[in-house]
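The chains referred to below are lettered A, B, ... by the order of the sequence lines, with proteins before strands, and numbering in each begins at 1.
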Amino acid sequence: MSLRLYNSASRKKETFKPIRNGEVGIYVCGVTVYDLCHIGHARSAIVFDILVRYLRARGFKVTYVRNFTDVDDKIIERSKETGEDTTALAERYIHAFCEDMLALGVLNADVEPRATEHIDDIIDMIGRLVEKGFAYVDDSDVYFSVEKFDTYGQLSGRRLEEMVAGARIAVDEKKKHPMDFVLWKGAKPGEPKWKSPWGEGRPGWHIECSAMSCRYLGANFDIHGGGRDLIFPHHENERAQAMAANGVNFARYWVHNGFVTVESEKMSKSLGNFITIRDALQSYHPQELRLFLLSKHYRSPLDFSRSALLEARCGLIRIYRTLQRLEETVGPSKGNSRGIITPFLATSDGDSFKDQFISVMDDDLNTAAGLGLIFDKVRDINRVMDSSVKSRDIRSRLIQERRDLLDCGKALGLLEEEPSKFFQEIVETPSEIDTEEIEKMIQGRDAARRAKDWARADAIREELSKKGIILEDGPKGTKWRFRIEGSG
RNA sequence: GGCGGCAUAGCCAAGUGGCUAAGGCAGCGGUCUGCAAAACCGUUUGACACCGGUUCGAGUCCGGUUGCCGCCUCCA
């Protein structure tokens, strides 16, 4: 079995073969840090988090690079609005991004480079492009000449003529061809600037990613990722620059995630339906968001809605209830340290559950099918726990099944919480809770039940229910829990 | 205008030629329970947008129709 990935460049699924056996270099376009990140960024981050987790679980040695664009028009614009220095502004949003990722359980990349820390690399690459005749200088601006690069448009599947015909923006007089794009921008007064052979200025948007990816992964590397919308012009231009400058192929596989819509509409500032990650985390648990994001294939559009999130919550609760019940039955799980990915899916051990999981995930990361398998396994485990047979065999079987379940969960960044902690986090804890009072009421109800005074017992249960407390009678006595919003 | 994507039960969503079309949520019936909750079992009478074609056989391939969406401009 081997991993197959959809390659945007060829527009089909291809068997993944790394350049160096067993090693993978992956570069993902991160964020431009001029504002808080929204759930679309979260989807992208989580998709590639899972790609990296899965590659590692399958035994690849992965070098994951995810950049920050910390110099750019939007940052400058925003800094003018707020009066804040561009560096401080960028720093603030980088910090916010890191907080968001931590909250979402997205693992850090191995390298998280910033554009402003690679100005030398950028200038060097632009210099080579000018030298080789792929770029031309006009004043203190430098442009890439798309006509000089034979395969321009190949990645996004466009022809230069068509793009010119469909262009809807005014053409910059300085450009030799309407589709030419800027590599280096001369600085206007008050803008951040660096010295260069073409005068003081700053890099264009696309060049930084070409420079930084090649710097850390080599001119020719395995996987380049980002949101769908980056295919053109960003990735097309990145590819053109890097290939022109280095004279070798650039990324082998281009992986792009689909968009998030909100209540069926595209998320945009003008519509006012822009949901930041921290807004979402106010209402939903990170694990809910992750389960929701994984419930659909990463390349398909995904609609964010309250009902969909609550549905994800119900499913997640189902899984965690089983995990909690397992703890009560066979004790807590051990050795499941969070965020550490060992190659637990590297080899097939003949176990049909893991094999099936590998087989669906190998098929272009079919997380939706993977979740289906996880739910199947949950039912299996519940069934075993429901059966009246109690033996040592069953105990060890349950422990093994949980191990498999948690391994697959880990590849998806799910099920890494302790069940009790998860339930504690997910409930809306009532402001006034008096545990002793609750216990007392339950004792009172027990007495009533023993006396078969059902009316009184039910009245007590109803009273507790009003406080958001749900009772569950079992063979070992009565347990209580908080009601979870959107669920029982 | 150009390029591309999507249409599967009440809702969400897998499925890329072949046994009775995953899974989740919701509903309904049952087991358990004093009744519930949770769990389990069953179930939602013909779910694959429509029309043609290829094939022994298509949700799955090809052509067309309709509807929705994305990109072509900053955008994850």
Side-chain angles (χ1 to χ4, degrees), chain A residues 8 11 13 28-32 34 37-48 72-74 77 153 156-159 161-170 179 205 225-234 256-261 264-269 291-292 295-297 299-303 305 307-308 310-319 321-322 324-325 356 360 363-364 366-379 381-387 449 452-455 457-458 461-462 465 470-475 478-481 483 486-488:
Chain A
S8 303
R11 278 162 281 275
K13 284 185 204 171
V28 174
C29 287
V31 291
T32 301
Y34 72 104
C37 289
H38 54 69
I39 50 180
H41 296 108
R43 183 180 196 191
S44 184
I46 287 175
V47 163
F48 292 104
D72 143 287
D73 288 352
K74 289 193 294 297
E77 204 176 297
S156 54
R158 290 150 211 262
R159 291 160 179 275
E161 312 86 70
E162 287 167 355
M163 287 190 276
V164 174
R168 285 191 258 153
I169 45 159
M179 297 313 291
W205 174 36
R228 270 195 80 81
D229 53 333
L230 294 181
I231 296 175
F232 189 88
H234 186 55
H256 294 101
N257 65 277
F259 265 51
V260 178
T261 56
S264 304
E265 282 184 310
K266 185 184 174 179
M267 196 164 42
S268 76
K269 297 215 162 157
L291 183 77
F292 164 69
S295 65
K296 200 165 175 188
H297 188 85
R299 280 187 284 116
S300 305
L302 175 65
D303 192 48
S305 69
S307 62
L310 291 181
E311 203 179 284
R313 168 175 300 178
C314 290
L316 193 63
I317 287 169
R318 178 177 162 78
I319 302 174
R321 278 205 176 115
T322 298
Q324 190 167 46
R325 213 177 142 197
Q356 284 177 56
V360 298
D363 184 15
D364 197 30
N366 191 343
T367 54
L371 287 173
L373 291 171
I374 284 177
F375 280 107
D376 282 342
K377 178 55 72 183
V378 164
R379 188 195 287 122
I381 291 173
N382 280 328
R383 227 178 255 167
V384 172
M385 288 192 293
D386 272 356
S387 75
R449 289 179 73 211
K452 299 204 190 294
D453 182 355
W454 308 127
D458 290 351
R461 184 170 59 197
E462 180 57 25
S465 175
I470 302 295
L471 299 187
E472 293 182 6
D473 299 326
T478 301
K479 292 193 295 182
W480 65 274
R481 60 178 171 87
R483 176 180 290 113
S487 170

Polar atom pairs between nucleotides 28-35 of chain B and protein, under 3.5 Å, N or O only, would you list them?
from: G34(B); atom 1: O6; to: Arg445(A); atom 2: NH2; distance (Å): 3.3
from: G34(B); atom 1: O6; to: Arg449(A); atom 2: NE; distance (Å): 3.4
from: G34(B); atom 1: N1; to: Asp458(A); atom 2: OD1; distance (Å): 2.9
from: G34(B); atom 1: N2; to: Asp458(A); atom 2: OD1; distance (Å): 3.3
from: G34(B); atom 1: N2; to: Asp458(A); atom 2: OD2; distance (Å): 2.7
from: C35(B); atom 1: O2; to: Arg461(A); atom 2: NH2; distance (Å): 2.3
from: C35(B); atom 1: N3; to: Arg461(A); atom 2: NH1; distance (Å): 2.7
from: C35(B); atom 1: N3; to: Arg461(A); atom 2: NH2; distance (Å): 3.2
from: C35(B); atom 1: N4; to: Asp473(A); atom 2: OD2; distance (Å): 2.9

Pairwise [atom1] distance for [N] and [M], with rounding to whole Å:
N	M	atom1	value
U65(B)	C56(B)	C1'	29 Å
A14(B)	A22(B)	P	15 Å
C28(B)	G70(B)	C1'	40 Å
C48(B)	G15(B)	C1'	10 Å

Original post:
When you match His234(A) and Asp303(A) each to their closest nucleotide on RNA chain B, which lands nearer the 5' end?
Top reply: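 Taking each residue's closest nucleotide, the earlier one in sequence belongs to Asp303(A).
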Subject >> Residue whose closest nucleotide on RNA chain B lies nearer the 5' end, His297(A) versus Gly157(A) >> reply: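 The residue mapped nearer the 5' terminus is Gly157(A).
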**OP:** With sequence neighbours excluded, tell me which residues meet side chain to side chain donor-acceptor pair (under 3.5 Å) with Ser295(A).
**Re:** none
**OP:** Mind checking side chain to side chain donor-acceptor pair (under 3.5 Å) for Asp73(A) and listing every partner two or more places apart, or none if nothing turns up?
**Re:** Lys185(A), Arg202(A)
Results of ring pair (Phe, Tyr, Trp, His ring centres under 6.0 Å) for [X] - residues two or more places apart only:
X	result
Phe48(A)	none
Trp454(A)	none
His297(A)	none

Assign [X] to base, sugar-phosphate, or nothing according to its heavy-atom contacts below 4.0 angstrom with the strands shown.
X	answer
Lys452(A)	nothing
Phe259(A)	base
Leu230(A)	sugar-phosphate
Arg325(A)	sugar-phosphate
Gly30(A)	sugar-phosphate
Val360(A)	nothing
Asn257(A)	base
Gly227(A)	sugar-phosphate
Ala308(A)	nothing

Identity of whatever pairs with [N] - Watson-Crick or G-U, under 3.5 angstrom:
N	value
G57(B)	none
G17(B)	none
C3(B)	G70(B)
G27(B)	U43(B)
G52(B)	C62(B)

Original post:
What's the CD-P distance between Glu311(A) and G10(B), to the nearest Å?
Top reply: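 My rounded result for the distance is 15 Å.
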Taking 4.0 Å as the cut-off, does a side-chain nitrogen or oxygen of [X] come that near to OP1 or OP2 on [N]?
X	N	answer
Lys296(A)	A13(B)	yes
Arg159(A)	C72(B)	no
Arg318(A)	C40(B)	yes

**OP:** Identify the two heavy atoms, one from Phe232(A) and one from Ser156(A), that lie closest to each other, and give their separation to 0.1 Å.
**Re:** CD1-OG, 3.5 Å
**OP:** Taking Asp363(A) for its side chain and Asn366(A) for its backbone only, find out whether a donor-acceptor pair lies under 3.5 Å.
**Re:**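 Side chain of Asp363(A) to backbone of Asn366(A): no pair is present.
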Original post:
Would you say Thr367(A)'s side chain and Gly370(A)'s backbone share a donor-acceptor pair under 3.5 angstrom?
Top reply: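 Absent.
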Selection from [options] that lies nearest to any side-chain heavy atom of [X]:
X	options	value
Cys314(A)	A39(B), C74(B), A26(B)	A26(B)
Ala368(A)	A13(B), A76(B), A39(B)	A13(B)
Asn382(A)	G4(B), C40(B), A76(B)	C40(B)

Original post:
Between Arg228(A) and Phe259(A), is NZ or CZ placed under 6.0 angstrom from the six-membered ring centre and within 45° of the ring axis?
Top reply: no
